S.K.: 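Sharing a structure below in structure tokens format, with a few things to ask.
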Amino acid sequence: MNKIQNKLSENKRLLSIYFTAGYPKLDDTVEILQELEKSGVDLVEIGLPFSDPLADGPTIQASSQEALKNGMTTDLLFQQLKDVRATVSIPLILMGYFNPVLQFGVENFCKKCAEVGIDGLILPDLPLAEYEEHYAEIFKKYELINIFLITPQTSEERIRQIDSASEGFIYMVSSASVTGSSDGFGEEQENYFERIASMKLNSPLIVGFGISDSKSFQQATKNTNGAIIGSAFIKMLSEKGLGGITSFISSIIRV
Amino acid sequence: MNYNVNEKGYYGEFGGAYIPEMLYPNVEELRQNYLKVMAEESFQKEFHELLKDYVGRPTPLYFAKRLSEKYNTKIYLKREDLCHTGAHKVNNTIGQILMAKRLGKTRIIAETGAGQHGVATATVCALMGLECIVFMGEVDIKRQAPNVARMKMLGAKVVPATSGSKTLKDATNEAIRDWINNPVDTHYIIGSVVGPHPYPDMVARFQSVISEEIKTQLKEKEGRENPDFVVACVGGGSNAAGAFYHYLETPEVGIIAVEAAGKGIDSGESAATSALGKVGIIHGSKTLLMQTADGQITEPHSISAGLDYPGVGPMHASLFASGRGEFISITDDEAMEAGLELCKLEGIIPAIESSHALAIFETRKFKKDDVIVVNLSGRGDKDLDTYIKHFNL
């Protein structure tokens, strides 16, 4: 069983952290992963920086630009991750935009992912139909789980379609927004979380976008299986560096 | 071979809709409705009335006698520069604002580089009384002050794009992000034949009035609908798509697309996408784009803001890849000289974008009795500053 599926079967509220590879410093990737695992994070999304991140707000845009300026490339990220499985055992997901993957070669990219121990991919601008027609077989060959997104505007019919195409979890975008742009959830989001939960989908749901602290984490995971923090974690990294990771994570998952 | 879009939104291997799920409902709504809405009689009637009475169509097809004499061939100019707001851009914004209204949208967003598309969008929003927000790179806002003022006078809000290189590519990113944040009431009027399907096809159809008119007008003047060549400049490629549209499947009409070489193709400061680009994804479309080996999108350069885009519409990528189109690139200097030449020979001050198309006659030779239609996409008023600096006027 894939590490993601294993983790999802633990039946707890999962905390996932997103960070941009190559930020704050080019070589921080593996140390951040080690710190996250030690702090009790359940899974991690490693962001492959892109020059034009359409679905991201200012925080992740800035970290992506900085990471590229630092010299991060797809090749380099795979080099950095070469021995990551010697020290990190939680599920690892690569998240990025499709163009860098296309240039690397989709098959080559998937092969490298499998070699270094990546368990899944999130490519927001690779649509379901294109994935199924052209790439699903390659992903399967390398035992990579592809994660799809849904939003409050996604129709029920399409959610069902995405559910049946999903082998891991569904990435549930909390509100109509780019990353990092909401503070806390209102009634509208709570209703949406409940509505989707009541659909009794096969796939577990993990909420992303707009989660920044313990309160929003609790709200987001009341009716779902977990939540993802990205921009707030990156902001913390910019302010406190890697030394701030442990206390940030414990501030979210303290009981 | 078919050079038009297929039912999946592809021109050959180019096109598609590579968009994040957040945009899916909007783009899908448009995809399901655009052809149906455009086919409605009431839509066609309103569209054509506005093109006639508001835009000033049909624009003339003008035989450029002195230019033709100089290059020893027959050159016609399709005078899109005489459109209301000064360029062909308004053909598309009229079409899209009518589309937006029929889809029940109340808020309009747009991206703009030099400001021509921004002005054309602000214009139709004023005409229809809809809220208008235009995203424009911070750098472009500084260098295109008159167009910023125009948009403001027309009631639009101009929002600076401060990410990345702060130019057209980044303004487009910001407009897409705004659409993600406002998925229900907002329509995004893309200004060129770029973006996810159905935008390239929809914009091409709205601009296709250009070649539709050329056919009728050339028939009157030359006794035939088909010229030997149609020439147009290509940034994203909307004026070219309009000028080529009704000739795509007519192989005896040569199609010439003119790109901006900037300071030269090998200078590192160029926007000649067919020469420098590779297949990739930009703004939701699979097409040719300028990028690093690692797949990061690079910054183009052209003296003309309208051609300063690192990609090209999927229709043009396909015309290039299939060999149906002949692609020529023209440097900043060559374009400026050609622009000045048109002023002196014909009394027409062209936009620098259009000057690129005019510049091919120095190097690309034609037969004496060849009939060539050059799409004069816009007028040069907006470029006076650049002309003044370049020629120390």
Side-chain angles (χ1 to χ4, degrees), chain A residues 48-58 61-62 64-65 67-68 71-77 96-105 109 122-131 133-134 148-155 158-159 162 170-173 175-179 181-182 209, chain B residues 8-10 13 15-29 31 161-165 168-186 195-197 278-287 289-299 310-311:
Chain A
L48 185 62
F50 181 49
S51 54
D52 295 76
L54 290 181
D56 286 300
Q61 286 174 41
S64 302
Q65 241 184 328
L68 292 174
M72 183 48 77
T73 64
T74 310
D75 231 351
L76 182 60
L77 179 59
Y97 290 83
F98 189 46
N99 194 50
V101 178
L102 201 58
Q103 299 316 311
F104 200 84
F109 187 89
I122 306 177
L123 302 168
D125 59 345
L126 173 61
L128 178 64
E130 296 291 339
Y131 167 73
E133 195 175 333
H134 300 291
F148 300 101
L149 278 59
I150 62 168
T151 82
Q153 274 70 43
T154 311
S155 69
R158 187 158 168 91
I159 292 175
I162 286 171
I170 290 179
Y171 189 131
M172 194 172 156
V173 176
S175 44
S177 75
V178 293
T179 55
S181 54
S182 138
F209 290 42
Chain B
K8 284 184 171 174
Y10 280 85
E13 64 167 308
Y18 292 81
I19 47 169
E21 194 62 30
M22 295 79 114
L23 289 176
Y24 182 85
N26 273 329
V27 172
E28 183 61 13
E29 180 188 29
R31 189 188 68 81
T162 57
S163 60
S165 59
L168 177 59
K169 164 173 90 73
D170 312 285
T172 309
N173 291 340
E174 287 307 322
I176 291 175
R177 288 181 188 121
D178 181 285
W179 210 18
I180 289 174
N181 288 328
N182 298 282
V184 180
D185 61 348
T186 300
H197 178 68
K278 282 181 301 178
V279 179
I281 311 283
I282 183 169
H283 299 139
S285 180
K286 185 189 262 189
T287 187
L289 64 124
M290 291 164 53
Q291 53 185 317
T292 66
D294 196 42
Q296 309 296 338
I297 298 172
T298 53
E299 280 311 315

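Labels below follow one simple rule: chain letters A, B, ... track the order of the sequence lines, proteins then strands, and each chain is numbered from 1. A quick note: this is a predicted structure, and the numbers were derived from the prediction, not measured.
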S.K.: How close do A:D75 and B:D294 get, heavy atom to heavy atom, and via which atoms?
M.R.: N-OD1, 4.5 Å

S.K.: Is the shortest side-chain N to carboxylate O distance from B:K286 to A:E130 below 4.0 Å?
M.R.: no

S.K.: Just wondering, more than 12 heavy atoms not from B:K8 lying within 6.0 Å of its NZ?
M.R.: no

S.K.: Using side-chain contact (heavy atoms from CB on, under 4.5 Å) as the criterion, point out the one residue from A:T73, A:T74, A:L68 that pairs with B:Q296.
M.R.: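 Single pass found, and it is A:L68.
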
S.K.: Please classify the contact between A:P58 and chain B as side chain, backbone, both or neither, with a heavy-atom cut-off of under 4.5 Å.
M.R.: neither

S.K.: Between B:P25, B:A17, B:A293, B:P20, which residue shows the highest count of heavy-atom pairs closer than 4.5 Å to chain A?
M.R.: B:P20

S.K.: Mind ranking B:P196, B:S163, B:G295 by heavy-atom pairs under 4.5 Å with chain A and telling me who comes out on top?
M.R.: B:G295

S.K.: Under a 4.5 Å cutoff for heavy-atom pairs, which residue among A:G57, A:P100, A:A62 has the most contacts with chain B?
M.R.: A:P100

S.K.: One pair to check against side-chain contact (heavy atoms from CB on, under 4.5 Å): B:N181 and A:V178. What are the steps and the verdict?
M.R.: CA-CA 6 Å; B:N181 288 328; A:V178 293; 4.0 Å; yes

S.K.: Distance check, rounded to the nearest 0.5 Å: A:Q61 atom CD versus B:E174 atom CD?
M.R.: 5.5 Å

S.K.: For B:Y18, is it the side chain, the backbone, both or neither that has a heavy atom under 4.5 Å from a heavy atom of chain A?
M.R.: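 Contact with chain A: backbone and side chain both.
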
S.K.: Quick one: pull up OG in A:S177 and CG in B:D178 and give me the separation to the nearest 0.5 Å.
M.R.: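 Interatomic distance, A:S177 OG to B:D178 CG, rounded to 0.5 Å: 12.0 Å.
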
S.K.: Evaluate the criterion side-chain contact (heavy atoms from CB on, under 4.5 Å) for residue pair B:K169 and A:D52; output intermediate values, then yes/no.
M.R.: CA-CA 8 Å; B:K169 164 173 90 73; A:D52 295 76; 2.8 Å; yes

S.K.: Between A:S51 (side chain) and B:I297 (backbone), is there a donor-acceptor pair under 3.5 Å?
M.R.: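 Confirmed, A:S51 side chain pairs with B:I297 backbone.
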
S.K.: Checking A:I150 against chain B: side chain, backbone, both or neither under 4.5 Å from a heavy atom?
M.R.: backbone

S.K.: Please determine, among A:V173, A:L149, A:V101, the option with the most heavy-atom pairs under 4.5 Å with chain B.
M.R.: A:L149

S.K.: Please lay out, stage by stage, how A:R158 and B:E21 fare under the test salt bridge (Lys or Arg N to Asp or Glu O under 4.0 Å).
M.R.: CA-CA 10 Å; A:R158 187 158 168 91; B:E21 194 62 30; 2.6 Å; yes

S.K.: Identify which part of A:L54 has an atom lying under 4.5 Å from any heavy atom of chain B, answering side chain, backbone, both or neither.
M.R.: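 Its backbone and side chain both get close to chain B.
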
S.K.: Under 4.5 Å from any heavy atom of chain A, what part of B:V279 do you find: side chain, backbone, both or neither?
M.R.: backbone

S.K.: Counting only heavy atoms closer than 4.5 Å, note whether B:Q291 contacts chain A via side chain, backbone, both or neither.
M.R.: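 The side chain, not the backbone.
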
S.K.: Identify which part of B:L289 has an atom lying under 4.5 Å from any heavy atom of chain A, answering side chain, backbone, both or neither.
M.R.: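 For B:L289, the contact with chain A is made by the side chain alone.
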
S.K.: Could you walk me through whether B:E29 and A:Q153 pass the side-chain contact (heavy atoms from CB on, under 4.5 Å) test, one step at a time?
M.R.: CA-CA 12 Å; B:E29 180 188 29; A:Q153 274 70 43; over 6 Å; no

S.K.: Using non-hydrogen atoms and a 4.5 Å limit, figure out which bit of B:I19 sits close to chain A: side chain, backbone, both or neither.
M.R.: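 It is the backbone, since no side chain atom gets that close.
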
S.K.: Given a strict heavy-atom distance threshold of 4.5 Å, which part of A:Q65 is in contact with chain B: side chain, backbone, both, or neither?
M.R.: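 Side chain only.
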
S.K.: If only atom types and distance count, is the side chain of A:N99 paired as donor or acceptor with the main-chain N or O of B:I282 below 3.5 Å?
M.R.: no

S.K.: Which atom names give the shortest non-hydrogen contact between B:I180 and A:A55, and what distance separates them?
M.R.: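 Reported closest heavy-atom pair: CD1-CA, 4.0 Å.
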
S.K.: Checking A:D125 side chain against B:G284 main chain: does a donor-acceptor pair fall under 3.5 Å?
M.R.: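 Between the backbone of B:G284 and the side chain of A:D125 there is no qualifying donor-acceptor contact (under 3.5 Å).
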
S.K.: Which answer fits A:L123, side chain, backbone, both or neither, if we ask what part of it has an atom under 4.5 Å from a heavy atom of chain B?
M.R.: neither

S.K.: Is it the backbone or the side chain of A:F50 that comes under 4.5 Å from a heavy atom of chain B, or both, or neither?
M.R.: both

